[in-house]
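Working notes for the structure below.
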Number of protein chains: 2
Amino acid sequence: MSDPSKISEAEWQVMKALWEKSPQTANTIVQQILKTRTWSPRTVRTLINRLVAKGALSYSKDGREYQYSPVLSKDQCVQAETKSFIGKIKGTTLTPMLAAFLEEEILTSDEIDELKRMLDQKGGATND
Amino acid sequence: MSDPSKISEAEWQVMKALWEKSPQTANTIVQQILKTRTWSPRTVRTLINRLVAKGALSYSKDGREYQYSPVLSKDQCVQAETKSFIGKIKGTTLTPMLAAFLEEEILTSDEIDELKRMLDQKGGATND
DNA sequence: ACTTTTGTATTACATGTGTAATACTTTAGG
DNA sequence: CCTAAAGTATTACACATGTAATACAAAAGT
């Protein structure tokens with residue numbers, strides 16, 4: 001309750017659909033989602049409603065349909081999620097985490113460059 | 001249910017206490033935890049029991065007391081957690097994530113070195 | 001204008017999680 | 001041997017989450 005941007009795994013899929021393109025109607029969101037998930041459209045509706053309830057999405061009426069848009073930015077959510085993740089693993093050895101990151105190949109070369117740059121700056125500081 | 005090593009935020013604290021030192025009795029685990037959390041000892045007991053139930057901890061009787069030990073290794077859990085985290089943020093721009101990592105200062109200089117090394121190897125490959 | 005469609009809103013229901021309290025059992029002290 | 005202390009096991013309860021189904025309302029077709 002303290003963290004307004006607490007988005008669940010399933011809800012993230014909806015957010016991602018809207019970050020990619022918005023506004024969208026519930027229907028087009030469902031279309032997006034069904035490309036990668038096998039959820040019932042009802043389930044997606046539920047997720048959308050919960051996100052509206054927790055203030056992560058907003059909508060404007062467009063005739064009988066609603067046009068949904070993200071309220072929370074992608075950056076905001078990624079940051080929040082990262083901090084929550086860090087909260088868990090903090091204090092453990094991070095080598096396996098780093099390995100997982102590299103294995104999963106989620107970093108683009110640009111991001112690797114950026115990470116390197118940041119690490120260089122950080123490396124100069126009194127670290128640990 | 002599919003992922004046996006699904007440890008919740010609160011449960012992680014217990015696991016960390018046992019990864020640090022094991023076996024431990026419920027009492028010493030409580031002591032450890034109370035250094036950083038303000039939970040009731042009962043709460044910690046509950047967490048311990050749940051972890052035993054989900055196969056993350058085991059115990060051996062030592063008189064009336066139990067000696068708890070981790071079944072899941074730290075590396076195993078960190079990897080699982082990382083992959084779950086990645087599952088959420090995959091496909092988004094990771095710059096804010098990287099920033100959060102650096103901000104939170106969770107990387108030791110050794111880990112930074114290791115990450116750099118891995119990135120160098122990775123950097124050579126056809127990345128994205 | 002009435003019925004069917006198609007959207008949205010409400011309700012459901014099991015399992016997980018945070019956060020404990022109460023009940024039961026075993027051991028140790030008197 | 002019996003009672004108190006100290007463990008463990010069971011139960012509680014509200015909110016979150018995954019996964020929908022049902023109810024309701026409005027628009028569109030006939």
Side-chain angles (χ1 to χ4, degrees), chain A residues 1-18 23-31 33-34 36-69 77 80-81 84-85 87-88, chain B residues 1-18 23-31 33-34 36-69 77 80-81 84-85 87-88:
Chain A
M1 217 75 64
S2 44
D3 193 352
S5 31
K6 193 77 196 332
I7 310 298
S8 85
E9 165 83 33
E11 289 162 352
W12 262 83
Q13 301 314 124
V14 175
M15 293 306 288
K16 285 204 274 195
L18 280 165
Q24 283 191 68
T25 65
N27 268 327
T28 65
I29 294 172
V30 167
Q31 301 308 306
I33 300 276
L34 292 195
T36 50
R37 306 271 160 160
T38 57
W39 297 335
S40 154
R42 303 313 183 90
T43 299
V44 179
R45 296 307 189 110
T46 299
L47 296 172
I48 292 172
N49 288 332
R50 285 182 183 168
L51 285 167
V52 169
K54 56 176 76 169
L57 295 184
S58 68
Y59 61 84
S60 56
K61 288 200 163 191
D62 177 22
R64 71 189 171 295
E65 271 188 303
Y66 289 178
Q67 292 286 344
Y68 293 93
S69 302
C77 291
E81 200 58 43
S84 152
F85 171 62
K88 281 193 184 180
Chain B
M1 218 75 65
S2 44
D3 193 350
S5 31
K6 193 76 195 331
I7 310 297
S8 85
E9 164 83 31
E11 289 163 353
W12 262 84
Q13 302 313 124
V14 174
M15 293 305 289
K16 285 203 273 194
L18 281 164
Q24 284 191 69
T25 66
N27 268 327
T28 65
I29 294 172
V30 167
Q31 301 309 306
I33 301 275
L34 293 196
T36 49
R37 306 270 160 162
T38 57
W39 296 336
S40 155
R42 304 313 183 87
T43 300
V44 180
R45 297 309 189 109
T46 300
L47 295 172
I48 293 172
N49 288 332
R50 285 181 183 167
L51 285 166
V52 169
K54 56 177 75 169
L57 295 183
S58 68
Y59 61 85
S60 56
K61 287 201 163 191
D62 176 21
R64 69 189 171 296
E65 272 187 301
Y66 290 179
Q67 293 286 345
Y68 293 93
S69 302
C77 292
E81 200 60 42
S84 152
F85 171 62
K88 281 191 183 178

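Just so it is clear: chains get the letters A, B, ... in the order the sequence lines come, proteins before strands, and each one is counted from 1.
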Nearest-neighbour nucleotide for the Lys6(B) side chain, dA9(C), dT19(D), dT17(C) considered: dT17(C)
Distance test, side-chain N/O of Asn27(B) to OP1/OP2 of dA6(D), below 4.0 Å: no
Side-chain donor/acceptor contact of Arg37(B) with base of dT19(C) under 3.5 Å: no
Side-chain N,O (Lys54(A)) to OP1/OP2 (dT17(D)) below 4.0 Å: yes
Side-chain N or O of Ser8(A) closer than 4.0 Å to phosphate OP1/OP2 of dG18(D): yes
Side-chain (Gln24(B)) to main-chain (Ala17(B)) donor-acceptor, under 3.5 angstrom: yes
Contact nearer the 5' end of DNA chain D, comparing Glu11(A) with Thr38(A): Glu11(A)
Selection from dT8(C), dT19(C), dT17(D) that lies nearest to any side-chain heavy atom of Tyr66(A): dT8(C)
Residue Arg64(B), side-chain atoms from C-beta onward, closest of dA6(D), dT8(C), dA20(C): dA6(D)
Lys61(A) or Arg50(A), whichever maps to the more 5' nucleotide of DNA chain D: Arg50(A)
Arg42(A) (side chain) and dT10(C) (base): donor-acceptor pair under 3.5 Å: no
Residue-phosphate contact under 4.0 Å: Arg45(A) side-chain N/O, dA20(D) OP1/OP2: no
Distance, nearest 0.5 Å, that separates OG1 of Thr43(B) from CD1 of Ile33(B): 11.0 Å
Distance test, side-chain N/O of Tyr59(A) to OP1/OP2 of dT8(C), below 4.0 Å: no
Leu51(B) side, atom CG; Ile7(B) side, atom CD1 - distance, nearest 0.5 Å: 5.5 Å
Of the listed nucleotides dT19(C), dA21(C), dG18(D), the one nearest the side chain of Thr43(B): dT19(C)
N/O donor-acceptor pair under 3.5 Å between Lys6(A) side chain and Ala80(A) backbone: no
Glu81(A) side chain vs Lys88(B) backbone, donor-acceptor pair below 3.5 Å: no
Check: Thr46(A) side chain, dA20(D) base, donor-acceptor under 3.5 Å: yes
